[in-house]
Amino acid sequence: MNQQLSIAVFASGRGSNFQALHQALIAANSAATIALCISNNPNPGAFDFARQQGIATARLSPKMFAEEKEYEAALIELLASHGVELIVLAGYMRRLPHGVVQRWRGKILNIHPALLPDFGGQGMYGLNVHQAVIAAGRTESGATVHLVDEEYDTGAIIAQERVPVLPDDTPETLAARVLEAEHRLLPRVVMEMVAGKR
Ligand code: GRF
């Protein structure tokens with residue numbers, strides 16, 4: 001990838017992974033920049049951070065269009081008009097339209113709060129994931145960055161970071177430990193891709 005790389009981040013909620021990525025790119029004085037933050041929700045926490053940082057925001061949801069194809073065309077136009085070369089899903093709760101996956105195939109990353117392929121797929125988000133890991137009696141969990149394809153959490157795994165599951169963990173304490181791993185893993189993988197190492 002070329003160094004002057006334009007990234008779009010998709011976030012549905014608070015956006016802590018978006019923040020971690022932005023701060024890591026700034027700290028590394030990376031030529032890659034987050035050109036815009038897109039959400040399916042009208043006013044996610046991620047937009048507050050984006051506005052503080054002068055990053056463009058756009059709310060785009062299938063609900064805003066009569067047809068899925070119109071939504072897909074609008075999303076492609078938005079991404080293309082910002083010259084986006086890398087898409088990062090950071091707490092994004094929607095599937096991307098097939099046309100977007102096809103056009104940016106191999107350049108769409110997602111961060112998942114478990115060690116895929118276990119504990120992934122539809123419904124595996126938020127505390128549900130950590131609840132399932134604890135219920136399964138696992139002694140470790142972690143974060144996964146994977147390529148995005150047409151399904152949920154099924155694309156090629158790029159990197160993982162493992163964390164212990166402690167005997168007295170609750171879903172909340174495990175989520176917090178995994179989130180710290182996410183905030184390390186996602187920026188590392190993005191910067192390796194930008195540097196052409198991946
Ligand atoms: C993270 O745990 C991420 O792995 C999952 O959703 C959560 C989003 O958190 N996809 P945030 O919005 O990045 O704080």
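Just so you know, these numbers come straight off a predicted model, no measurement behind them. Remember, it's 1-based here, ligands and their atoms both numbered in the order they're listed. Index from 1, following the sequence.
- Distances between N or O atoms of Gly15 and those of ligand 1 include at least one value under 3.5 Å.
- The shortest N/O to N/O separation between Asn110 and ligand 1 does not fall below 3.5 Å.
- In terms of protein heavy-atom proximity, atom 8 (C) of ligand 1 is closest to Gly91 CA, 3.5 Å.
- Side chains of Ser141 and His130: a donor-acceptor N/O pair is absent below 3.5 angstrom, by distance only.
- At the top of the distance list for atom 9 (O) of ligand 1, counting protein heavy atoms only, stands Arg14 NH2, 3.3 Å.
- Interface of Ile111 with ligand 1, defined as ligand atoms under 4.0 Å from a residue heavy atom, comprises 3 (C), 4 (O), 10 (N).
- Of the candidates Val9, Val88, Asn110, Leu186 forms a side-chain contact (heavy atoms from CB on, under 4.5 Å) with just one, namely Val88.
- Between Pro164 and Glu140 there is no side-chain heavy-atom pair separated by less than 4.5 Å.
- If you check the side chains of Glu85 and Ser6, you find no donor sitting under 3.5 Å from an acceptor.
- For atom 4 (O) of ligand 1, the nearest non-hydrogen atom of the protein is Glu182 OE1, 2.6 Å.
- Residues satisfying the side-chain contact (heavy atoms from CB on, under 4.5 Å) test with Asp168, not counting sequence neighbours, are Leu166.
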